[in-house]
Amino acid sequence: MAGAFTGTKDRSSTAETPGGRSAAKGIALARHRLVHGHLDEPNFEHDLNLMFVRNELAAQGTLLLLAVIFSLASMFWAHWTQAMIWLALVIAAKVLLLELCKKYQATPVAEIDLKVWRKRLLLAEATNGSVWAGFALVGSGLTTSTVQTDMFSSHVFVFASLIVILAIRMTLASTRMPILYVGTVPMTVAVVGRLVLQGDFFYLALASMAVGVHVYFVFLAKGLNATAMQLLRFRAQKDDLIAELEEAKAISDEARRRAEEANVAKSRFLATMSHELRTPLNAILGFSEVMHAEIMGPMENKLYKEYAGNIHQSGSHLLHLINEILDLSRIEAGRYDLNEAHVRLVDIVDDCHRLLKLRLEGKALKIIEDFDETLAPLWVDERAMRQIFLNLLSNAYKFTPRGGEITLSIGRTSDGGQYMSVRDTGPGIPKDEIPKVMQAFGQGSLAHKNAEGGTGLGLPIVKNLVELHGGRFELKSELRKGTQVTAYFPAARVLEQVPPLQPLGQERHRPAGSAPSQAQQPLANNAPLQSRAAPRALRASSPAPARASAIARPRRRADRLRRRPDQLQHLLLDATVLNHGLNRTLNLFAPAIGLQQLVTAQIRPAQHVPDDIVADPRDHPA
């Protein structure tokens, strides 16, 4: 209820401001337009005229073809000269109307005078309708017996032609009802007059049907006109909404640009002020510590010594606050670099616990450790991990009452990751205040009563650091029962040990059933490496760096040979050729220097893969 009351109060106070009143008024106008249409109905006459013009231009060939068909049909009961004269008049009237339509369509909107063009279009359509009405008079003056015989068919054809013309004109001119009236009424009057003059009851019935058909088509045309008007209204509303959205987008882009500029300015300010604040703080902390410790000599007034301690404590608090603000600003700006290395969470927690042990014991807090000692290392930033756990443990220390319990947990997650958790028995956090404490400088209502002083930056920094490692931060709290904060790290950061591809004694190139030689057995108690090939005197005469390098080279070479047996075969072939060359050379010079026996003992032809080559390279020192 308090949150709802506060939200209502905020909305009412926003509406009382000039910007809030204008925004509320704009929303009300937009809602009214969507429900009831425009407040001031716009003039759609130009749009309706344009729809009529386009319809006429699209159907120009159809009406001319229909006029030709009517002219040919009228030659059955009338003289061909009357039919051709009527056809010429229809074509002339139609050409006049089409030229006006083309000119109207080509004229820019700003140059169109609606009153003038309304008169022009009405006059052209009236002329066109009068010419079409002349079709009812074609052949009406003939009195011969042959013509009298065909008069019945002519009257029926004229009635049918009236229905066709009414249907076509209703489709084309329904957007402009005055144009429809002047174009169809003359023909209906001519057809009705022709039928009434016959004096027969049948023709009187046809005349009444002609009037009824005309009225029916007028009602249909009004429905089409209303549909066209509604379509234009919807289009105008859509255009208005699009314009408003574009304006709102422009405003939001400008606001975002200003926010980005403000963020850049804030980062520059913090980067500058960090140096300007830390430099005098270092001097304050250093000199106050010297004075408090009486390094330069004792202070006669003990009160000054106490003041020096207070200065050092306040300066340390201020430096800690500056560091937290800078860390949070770097994280938000994406400039926090992770110095990743393999780290064990158990070691981190032990170190942090050792740092705060005296403070925890001062409040008689019971610490319960629930660690999984078999956890593999993580590839994380060690400094960030220490900061995360120190912040969590410090918060638990602040909020846990004297004699309470704090549980530290480290373990595996179900997806192969790891987590570390801190649970306390403090007063807890109300659920509606959890989003607040997760914001920068946010503190709950119980923080001012039960806890020590703080800045409200610990949890936001922890959450951002965990998310920088691809992890997840979770805060659970229940009032008067305690709070549990857990940081989850993904399985991608766990450094699991990879087993050897070829365990000792199970190499793929070793014959089945053969056991590793004595030289391949692992060395026990770090015994010194011994060579079976070179004399002890030669080993002792070589310097220590040369021996170390000679030990490392066979190890790397043997590893490569184990992975590539084909390279091993090529190497053996090269060694055999080199062996023959060395034997021939040493046979020439060995008698002179007394090394014939040594050469014979050390250089042997390579008939097969010796055991000492495929053995563990640790058994082959230089």
Determine whether [X] and [Y] make a side-chain contact, defined as any pair of heavy atoms from C-beta on separated by less than 4.5 Å.
| X | Y | value |
| --- | --- | --- |
| R118 | R176 | yes |
| Y181 | V218 | yes |
| L66 | V164 | yes |
| S161 | F135 | yes |
| R233 | Q230 | yes |
| T171 | N55 | no |
| L48 | M229 | yes |
| V189 | V185 | yes |

How long is the gap from [atom1] on [X] to [atom2] on [Y], to the nearest 0.5 Å?
| X | Y | atom1 | atom2 | value |
| --- | --- | --- | --- | --- |
| I242 | Q237 | CD1 | CD | 12.0 Å |
| F489 | T413 | CZ | OG1 | 11.0 Å |
| I434 | M438 | CD1 | CE | 9.5 Å |
| N49 | I112 | CG | CD1 | 8.0 Å |
| S74 | M84 | OG | CE | 9.5 Å |
| N464 | I461 | CG | CD1 | 8.0 Å |

Tell me if a side-chain donor or acceptor on [X] pairs with a main-chain N or O of [Y] at a distance below 3.5 Å.
| X | Y | result |
| --- | --- | --- |
| Q418 | A491 | no |
| R493 | L378 | no |
| W86 | V131 | yes |
| N225 | S174 | yes |

Exercise. On the 0 to 90° scale, with breaks at 30° and 60°, tag the H155-Y203 ring pair as parallel, tilted or perpendicular.
Key: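 H155 and Y203: perpendicular rings.
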
Quiz item: Can K431 and E478 be counted as an ion pair, charged N to O under 4.0 angstrom?
Solution: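 No.
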
Quiz item: Can you check side-chain contact (heavy atoms from CB on, under 4.5 Å) on F202 and L195, steps first, answer last?
Solution: CA-CA 9 Å; F202 175 75; L195 295 175; over 6 Å; no

Determine the minimum heavy-atom distance between [X] and [Y], stating which atoms define it.
| X | Y | result |
| --- | --- | --- |
| A228 | T175 | CB-CG2, 4.3 Å |
| M420 | I388 | CE-CG2, 3.4 Å |
| V138 | W77 | O-NE1, 3.1 Å |
| V53 | Y104 | CG2-CD2, 3.9 Å |
| L87 | S71 | CB-OG, 3.8 Å |
| G428 | T483 | CA-OG1, 3.7 Å |

Self-check item: Residue pair L166, H214: steps toward the side-chain contact (heavy atoms from CB on, under 4.5 Å) verdict
Solution: CA-CA 7 Å; L166 288 176; H214 187 95; 3.4 Å; yes

Practice problem: Any chance you could lay out the side-chain contact (heavy atoms from CB on, under 4.5 Å) test for D337 and D381, step after step, and finish with the verdict? | Solution: CA-CA 9 Å; D337 297 328; D381 188 338; over 6 Å; no

Quiz item: Can you find a side-chain donor-acceptor pair between Q484 and S421 that sits under 3.5 Å?
Solution: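 A pair is found: one side chain offers a donor N or O, the other an acceptor, under 3.5 Å apart.
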
Exercise. Would you kindly say whether R257 and S252 are connected by a side-chain donor-acceptor distance under 3.5 Å?
Key: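 R257 vs S252: no donor-acceptor pair found between side chains.
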
Which atom pairs, one a donor and one an acceptor, fall under 3.5 Å between side chains of residues 91-99 and the rest of the protein, sequence neighbours left out?
| unit_1 | atom_1 | unit_2 | atom_2 | d |
| --- | --- | --- | --- | --- |
| K94 | NZ | E56 | OE1 | 2.7 |

Practice problem: For R235 and D47, run salt bridge (charged side-chain N to carboxylate O under 4.0 Å, His left out): C-alpha distance rounded to whole Å, both residues' side-chain angles, the deciding distance at 0.1 Å, then the answer. | Solution: CA-CA 11 Å; R235 188 176 67 180; D47 296 322; 3.7 Å; yes

Which atom pairs, donor and acceptor, lie under 3.5 Å between side-chain atoms of residues 121-130 and protein residues at least two apart or in another chain?
| unit_1 | atom_1 | unit_2 | atom_2 | d |
| --- | --- | --- | --- | --- |
| E125 | OE1 | R169 | NH2 | 2.9 |
| E125 | OE2 | R169 | NE | 3.3 |
| E125 | OE2 | R169 | NH2 | 2.6 |
| T127 | OG1 | L123 | O | 2.9 |
| S130 | OG | A126 | O | 2.9 |

Quiz item: Can you tell which of V213, L206, T188 makes a side-chain contact (heavy atoms from CB on, under 4.5 Å) with L162?
Solution: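 Testing each of V213, L206, T188 against L162, the sole residue satisfying side-chain contact (heavy atoms from CB on, under 4.5 Å) is T188.
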
Practice problem: Under the side-chain contact (heavy atoms from CB on, under 4.5 Å) rule, what do L459 and F473 come out as? Steps first, then yes or no, please. | Solution: CA-CA 10 Å; L459 290 179; F473 180 81; 4.0 Å; yes

Self-check item: Passing option when Y488 is tested against E474, H469, R472 for side chain to side chain donor-acceptor pair (under 3.5 Å)
Solution: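 With Y488 as partner, side chain to side chain donor-acceptor pair (under 3.5 Å) holds for just one option, E474.
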
Quiz prompt | Atom CD of E247 with >12 non-hydrogen neighbours under 6.0 angstrom | solution =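 No, not enclosed.
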
Quiz item: Who passes side-chain hydrogen bond (donor to acceptor under 3.5 Å, both in side chains) against D253, sequence neighbours left out?
Solution: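 For D253 the side-chain hydrogen bond (donor to acceptor under 3.5 Å, both in side chains) partners, ignoring immediate neighbours, are K249.
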
